[in-house]
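First up is the structure itself, then whatever we jot down about it.
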Number of protein chains: 2
Amino acid sequence: MGRARAGKTSRSDKIYAALRQAIVEQTLRPGDRLPEDAIGDCFGVSRTSVRAALARLHAERLVEARRNRVAIVASPDPTEAQEIFDMRRCLEQEVARRLAGRLTAAQVETLEQHVRLEEQTSAPDSQAASQLAGDFHRLLAGMVNNRVLARYVSELVSRSSLILALYGQAHSTDCAVSEHRAIVAALSRGDAAAAVQAMQHHLGTVEKRSSIKEGDARTYDVGAILKRYAVKEA
Amino acid sequence: MGRARAGKTSRSDKIYAALRQAIVEQTLRPGDRLPEDAIGDCFGVSRTSVRAALARLHAERLVEARRNRVAIVASPDPTEAQEIFDMRRCLEQEVARRLAGRLTAAQVETLEQHVRLEEQTSAPDSQAASQLAGDFHRLLAGMVNNRVLARYVSELVSRSSLILALYGQAHSTDCAVSEHRAIVAALSRGDAAAAVQAMQHHLGTVEKRSSIKEGDARTYDVGAILKRYAVKEA
DNA sequence: CGCCTGCAAGGTGTATACACTTTGCAGACG
DNA sequence: CGTCTGCAAAGTGTATACACCTTGCAGGCG
C-alpha cells in the first residue's frame, strides 16, 4: 500500500495541460478562438471537462473569457505587457537577492546543468529553446523557499510567452543563454548586487526584444489609433 | 444604445461572491466542508454553477480541492502562512515605495477618508472593521498603475483572513488604524523610506497578532504535535 | 475486545440535453 | 447600392443523469 498515490489526472487536467502547452509554445496564438465543443471533439471529451480547463487557464490569465462568447487566447495590450514585465522585474529581482550566496552546491550544479542544456539545444529559436528559457526562470524562483513567489513568477513567465508572440518575432531566442549564465555566476559567488543587476539587465533585454512600443502604451486607445488612419484618408 | 453594458452576473458569479464573502468574513472557517450539492441546494442552483465557483476560489487558494473528495475552505499551514506574509511584505513594500510622493491630492483624500471610516466604525473587532482593513490595503495597491500587482496583493489580503481565522482570535482588530494613518502620512509627504518602513512595521504587527509559532513552522509535523499531548497524558 | 471486511451512503467526474445569446448573412427596402 | 431586418448557425449557461470513488460503520472473526 505504500504504492499508488497521485498519478490520476482528470480529463480536464489533461486538456488544461495540452492547451497550456499549445499556448506557451505559440501553436495557439493570442486571439485564437477556443470554442468548447470544438476542443471537446478534438480531445474526445465533453464540453464539461473543456470548460473546467478553460476556467483554469482564465484564472491564470492565459485565456480571455467573455460572457456568452467564445473564449480566446489572451492578448495582452501594450499596457498590460508592460505591467507584466514590470512585475517580473520586481519579483525576479527579489529572487536574485534572496538566492545570492545561499545556493547549495547541488543547486548551483542543477542550474549550471540547465544552462548547459540550453546551450546545447540545436535550434536556438525553437519552441524547445523557448521552453527551456522559461524553465530557467521557474527553476530559479523555485529555489527560494516561498511557493507563493514561485507561483507568481511561473504565471508571469507563461504570460510573457503571449507577449513575445504578439510583439516579438516567434521564439526569437527569448533569453540569451549567456545572460542566464551570468546570473548563475553572480548568485553562486554570492554577489547579490551583481545578481540583481544581471537579472534586471536580462529582463530588460527580453522586454526590448519585443518592441512593445505602440505609442508608448500611454496613448493606447482606439480613438488615438483610428485618428491616425483618419488623417491618412482625409 | 450607449446604455446597457455589464450588469449580467452568472449564477456561478453570485455563488462565487457569496462563498468568498463568507470565507473572508470567517463565517466559513478553514477546514469547513463545501459539498457541491449542499451548496447548490442552499442557493437553489445545480452543482454545475457551484463547481465553477469552487474552481475559481480554488484558483485563488481560498479553497482546497482534492480529487474525488469534498472541497474544504483552505487552511494554510504555518509555513504557508509565513510565505503569504513574507510575500505581502515584499509586494506592499513595493507599493509604498512607488506611491510615496506620487499621490494626487484626490488620492490622498480618498485614503484619508477611508481611514476616517475605519476609525468611526463602532465595533473595532467586527467583520466590518476587518473588511475595511483589508480594503485599505487593496485601495493602496490599486493606486499603483499595475493591475498585476493589485491582483496579487488583493489575493494575499484575502488569504490573510484565513490565517487570522486559524492563528489569531477572530477579527482581533486585524490592522491598527493608527498604523494605516501613519502610512498615508508618510506617503503623502513623499517620504519613501518612512512609508516603506511604516508598511513593514504594520505588516509585522499584523503577523505577530496571529501567533503562527507552532514550533517555528520548521518543526511542523503531526508527530511533533501529538507528542506534546502524549506527554500530558502519560 | 480488537481488528478486519464489505457494503451502503455521501460525493465527485463526466456526458448529455435544452434554453438562451450572439453573430453573420441573406434578402427586403429605401 | 447602401442600409436595415430577421433568421439560422454557432456557441455558451445551466440542469440533470449516471458511473465511479471514498469513507464510515456494522458485523463477523480471531
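Each chain gets a letter, A, B and so on, in the order the sequences are listed, and its residues count up from 1. Since we're looking at a predicted model, the values are computed, not measured.
You'll find the side chain of A:Glu60 stays beyond 4.5 Å of the side chain of A:Arg159, heavy atoms only. Proximity of A:Val157 to A:Asp135: side-chain heavy atoms (C-beta onward) are nowhere separated by under 4.5 Å. In this structure the side chain of A:Leu162 never reaches within 4.5 angstrom of the side chain of A:Val24, judged on heavy atoms.
Picking from D:dC18, D:dG11, D:dG13 the nucleotide with the shortest atom distance to the side chain of A:Glu36 gives D:dG13.
Residue contacts shown for B:Arg11 are limited to sugar-phosphate atoms, with no base heavy atom under 4.0 Å away. When heavy atoms are screened at a 4.0 angstrom cut-off, B:Thr48 is found touching base atoms of the nucleic acid.
Shown here is A:Arg102, whose CZ atom has no more than 12 heavy atoms of other residues, nucleotides or ligands within 6.0 Å.
Residue B:Arg67 places none of its side-chain N or O atoms closer than 4.0 Å to OP1 or OP2 of D:dT22.
Side-chain atoms of B:Arg11 never come within 3.5 Å of backbone atoms of B:Ile15 as a donor-acceptor pair (strictly under, hydrogens ignored).
Toward the 5' end of DNA chain C, the nearer of the two residues A:Val45 and A:Arg66, judged by each one's closest nucleotide, is A:Val45. DNA chain C is contacted by both A:Arg69 and A:Ser46; A:Ser46 maps to the nucleotide lying nearer its 5′ end (nearest heavy atom per residue).
When DNA chain C is scanned in the 5' to 3' direction for atoms under 4.0 Å from non-hydrogen atoms of chain B, the outermost contacting nucleotides are C:dG11 to C:dT14.
Looking at residues two or more places apart in sequence or on another chain, you find a side chain to side chain contact (heavy atoms under 4.5 Å, CB included) between B:Leu203 and B:Arg88, B:Arg89, B:Glu92, B:His137, B:Met199.
Counting to the nearest Å, the P atom of D:dG13 and the CG atom of A:Asp37 are 12 Å from each other.
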